2 protein chains.
Amino acid sequence: MIDSPPTPPSPIAVAVDIVVFTVADEDLKVLLIKRGVAPYKDAWALPGGFVREDESVDDAARRELAEETAVEDIYLEQLYTFGEVDRDPRDRVVTVAYFALIDAQSVQILGGTDASQAAWHSMYAAPELAFDHNTILELALRRLRYKLEYAPVAFQLLPEEFTLSQLQATYEVILSQPLDKRNFRRKILNLGILRDTGRTRSDGPHRPARLYAFRQERFEQATGGKVIFSF
Amino acid sequence: MIDSPPTPPSPIAVAVDIVVFTVADEDLKVLLIKRGVAPYKDAWALPGGFVREDESVDDAARRELAEETAVEDIYLEQLYTFGEVDRDPRDRVVTVAYFALIDAQSVQILGGTDASQAAWHSMYAAPELAFDHNTILELALRRLRYKLEYAPVAFQLLPEEFTLSQLQATYEVILSQPLDKRNFRRKILNLGILRDTGRTRSDGPHRPARLYAFRQERFEQATGGKVIFSF
DNA sequence: TCAAAAGTGTTTCCCCTACACCCATGG
DNA sequence: CCATGGGTGTAGGGGAAACACTTTTGA
């Protein structure tokens, strides 16, 4: 209220942590890293690291993500900032959490990497994590489920072209509940954000499925710039 | 991927900025502070300040808010974290933005304070602000409008007991659009989150209005712990 | 010809919307 | 008695949910 002398910038480190989701094997997976250093040495943790002085927080998240996955064009969104005093037992670290969605196919690279300590874990059977990362993970899941209902995020988890059954399976895995096939298809198609590629894919001893692609532009004009950023 | 040496915590300052909304005079108001120090000396800015080493980020926001308003029990929610490199022309400052909702009555205190530099401004005619605060403000408005539709935030802007007309006016000011009286009343009452106090209030040469109060518990059980935190 | 997934319509119900008049009071 | 805001009901349309069978293919 009254002008106080400017508080000296505090010695607080700023980090980013990223919840990377993918869907594979009919399961929702999250990318975890085994820590090689204290604190929480040998514990699983979310990928992340400190923000450098010459990069924005968003850029730090993108950089860390690229270091772990070597994939471009990743859907990345800020989740929440965690700033409890004792969330890191040693230093004072405030972390900005992000969540990312990637197509399992395009990152197969990582699963088969060298002796690195990164691995996909089932979201629904995640281990105890370092720091407050379990809290972050839970929030990410809530946010993902929430967004699924009104934003076209499921497409980020699928390859360019996909079948409606794949899409439905993605929804079902994330929401942990079965959906009605006819209602699902009608709803999605009525949104007008899918393009029928005209192609089909044969999968086994049954009728081939039509392949669809996501029409980004269509969605953006439909929302009228309503969402996109945050939420 | 490969264990890199832990990056040394970077010299980045962490701040909080708070968008304090209230509704008064049939307008949506935001609390602004005239800066007494460089950078942006004499410019209007959001209330805020640096996070101290011994307090959580949330606590810093509550503290700054208390310093400006001297009101307790304020609705406060984290909004977004802004981390562009050059958002502060001098130092590297990452800011965690919050938004707060308070009842205009209970903070009249501030409006009539000493020669302090704090003042309510119309949200819809806000001046150029310091730093990236106009961006923060816009995001806060979007979030407020968004939340209004599915969360009981309007009650935070009203006194304990209020009339349905007051409530409707609050919605209208925030959404910048008129609402149908009958539909509004039916919808709100059907939510079952209001308690009819049995009292009425006379306001002028017309029928007195029923006074209602918000039933917090009812809402919490209705949402089944769905929202509350973030979103 | 069989197994397995793809694809397809209809009915019901509820919620949202649009819309206009009487009521209670103070001056 | 009049001006002012408080308070009320109904009909129609649109989207969500429930529900089962036919089609196409590979083996």
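A, B, ... follow the sequence lines: proteins, then strands. Residue 1 opens every chain. It should be emphasised that the depicted structure is a prediction, and the values quoted were computed from it without experimental measurement.
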For this session: Any chance you could lay out the salt bridge (charged side-chain N to carboxylate O under 4.0 Å, His left out) test for B/R143 and B/E77, step after step, and finish with the verdict?
Result: CA-CA 11 Å; B/R143 180 84 137 250; B/E77 169 181 314; 3.5 Å; yes
Exercise. For A/I136, which of A/L129, A/T95, A/L141 qualifies under side-chain contact (heavy atoms from CB on, under 4.5 Å)?
Worked result: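 Of the listed options, the one satisfying the test is A/T95.
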Separation of [N] [atom2] from [X] [atom1] (nearest whole Å):
X: B/R201; N: D/dG5; atom1: CZ; atom2: C1'; answer: 14 Å
X: B/D203; N: C/dG27; atom1: CG; atom2: C1'; answer: 15 Å
X: A/H206; N: C/dG7; atom1: NE2; atom2: C1'; answer: 13 Å
X: B/D196; N: D/dG6; atom1: CG; atom2: C1'; answer: 13 Å
X: B/F184; N: C/dC16; atom1: CZ; atom2: C1'; answer: 15 Å

Looking only at N and O atoms, is any donor in the side chain of [X] or the base of [N] less than 3.5 Å from an acceptor on the other one?
X: B/N190; N: C/dC15; answer: no
X: A/R182; N: D/dA20; answer: yes
X: A/K181; N: C/dA6; answer: yes

For this session: Would you name the heavy atoms of A/D132 and A/F82 that are closest together and state the gap between them?
Result: OD2-CB, 3.8 Å
For this session: Assign A/S165 to base, sugar-phosphate, or nothing according to its heavy-atom contacts below 4.0 angstrom with the strands shown.
Result: sugar-phosphate
Exercise. If you look at every strand shown and take non-hydrogen atoms under 4.0 Å, does B/D180 touch a base, only sugar-phosphate, or nothing?
Worked result: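 Base, at least one base atom sits under 4.0 Å.
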For this session: Using the side-chain hydrogen bond (donor to acceptor under 3.5 Å, both in side chains) rule, take A/T81 and B/Y80 through it: C-alpha gap first, then chi angles, then the decisive distance, then the call.
Result: CA-CA 8 Å; A/T81 296; B/Y80 201 79; over 6 Å; no
For this session: For the pair B/F214 and B/F155, name the ring-plane relationship: parallel under 30°, tilted 30 to 60°, perpendicular over 60°.
Result: parallel
Exercise. Parallel, tilted or perpendicular: which fits the ring planes of A/H121 and A/W44, with parallel below 30° and perpendicular above 60°?
Worked result: perpendicular
Exercise. How do B/G204 and A/L189 order along DNA chain C: which one's closest nucleotide is nearer the 5' end?
Worked result: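 Nearer the 5' end of the strand: A/L189.
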Problem set entry | B/F184 and B/Y171 aromatic centres sub-6.0 Å |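 Close enough - the centres of the two rings lie under 6.0 Å apart.
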Can you tabulate the close N/O pairs, meaning under 3.5 Å, that link protein atoms to atoms of nucleotides 10-14 of chain D?
{"residue": "D/dT10", "atom": "O4", "partner": "B/R186", "partner atom": "NH1", "Å": "3.2"}
{"residue": "D/dT10", "atom": "O4", "partner": "B/R186", "partner atom": "NH2", "Å": "3.3"}

Of the listed nucleotides ([options]), which one gets closest to any side-chain atom of [X]?
X: B/A209; options: D/dG6, C/dT17, C/dT25; result: D/dG6
X: B/R185; options: C/dG7, D/dG7, D/dT4; result: D/dG7
X: A/P205; options: C/dG7, D/dT4, D/dA27; result: D/dA27

